[in-house]
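Remember, it's 1-based here, ligands and their atoms both numbered in the order they're listed.
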Amino acid sequence: MEIFIDSADRDEVRRAAALGWVDGVTTNPTLLARAGVSMREAIAEIAALVPGPVSAEVLADDTEGMVAEGKKLAAIAPNVVVKIPLTEAGLAAVRALATAKIATNVTLCFSTVQALLAAKAGATYVSPFVGRLDDAGHDGMALVEEIVAVFRTYDRTTRVLAASIRHPAHVRRAALCGAHAVTAPLAVLERLCHHPMTDVGLARFAADAAAAGLTTDG
Ligand code: G3P
């Protein structure tokens, strides 16, 4: 399962890349606005920090505009994936970009049928928004599970990217159901590694080694 950081903050992306197990980055207009730098500059710098995909979202809302912006974004770096909203115009843009061999991430997906259409349009990734569904009283991860099952049934190659991830239990369920990727903020990624029993076990090993005077040299 690919693990991405959901951020447009270059320092955060640097810290995530240093963890050693983060594959790529997703951004969105809100995150880029918060970062306070030009979009092209931010995407170019971020794309140089990670080897894997970096999603950059179009701002146009018509097919022609999305395709034009998508081509420009894709030209910034070879690992840029063009993020397209799950609208009628967006899916037509996904088809045009797929024909031009440009990778896409269809965002703002809130239903299984929407995801199926994204796959049929030729999307590389589709991003169901788990946390926002949970916030609205639904079970966001159930949508991810359903999409994974439907894609398996119809042998679709589009990758399911669980987005709007809020805590490690979301990541666990994404892995259990076979989601291809998750994207989460740095604070969530940093929590994935930790377990209190690891800390307790490590403290015990350190204490026992110190008491016995153990060293790796002798
Ligand atoms: O980048 C898309 C998605 O991950 C946004 O998450 O937390 O704003 O719902 P959130």
Notebook entry, point to check: If we only count N/O pairs under 3.5 Å, is T183 in contact with ligand 1?
Noted result: no

Check: Do side-chain atoms of D6 reach the backbone of P185 as a donor and acceptor pair under 3.5 angstrom?
Finding: no

Next item on the list: Taking only Lys NZ, Arg NE, NH1 and NH2, and the carboxylate oxygens of Asp or Glu, determine whether R132 and D135 approach each other closer than 4.0 Å.
Entry: no

Check: Which atoms from ligand 1 have a heavy atom of K83 less than 4.0 Å away?
Finding: 1 (O), 2 (C)

Next item on the list: Measure from the side-chain N and O atoms of N79 to the backbone N and O of V54, and report whether any donor-acceptor pair falls under 3.5 Å.
Entry: no

Item checked: Identified side chain to side chain contact (heavy atoms under 4.5 Å, CB included) partner of F4 from the options V25, T183, V22 -> T183

Margin query: Less than 4.0 Å is my threshold; does some heavy atom of E57 fall inside it relative to ligand 1?
Written below: no

Check: If you count the non-hydrogen atoms of other residues, nucleotides and ligands that lie under 6.0 Å from CD in E64, is the total more than 12?
Finding: no

Margin query: Give me the nearest non-hydrogen protein atom to atom 2 (C) of ligand 1 as residue plus atom name, then the distance to 0.1 Å.
Written below: F129 CZ, 3.3 Å

Notebook entry, point to check: Is T107 in polar range of ligand 1, meaning some N or O pair under 3.5 Å apart?
Noted result: no

Notebook entry, point to check: Quick one: does S164 get an N or O within less than 3.5 Å of an N or O on ligand 1?
Noted result: yes

Next item on the list: Name the option, out of D6, T30, T26, D134, that contains the heavy atom nearest to atom 5 (C) of ligand 1.
Entry: D6

Check: Going by the order shown, which atoms of ligand 1 are within less than 4.0 Å of some heavy atom of R132?
Finding: 5 (C), 8 (O), 9 (O), 10 (P)

Checklist line | Beyond-backbone contact of L31 with E12, side-chain heavy atoms, under 4.5 angstrom | finding: no

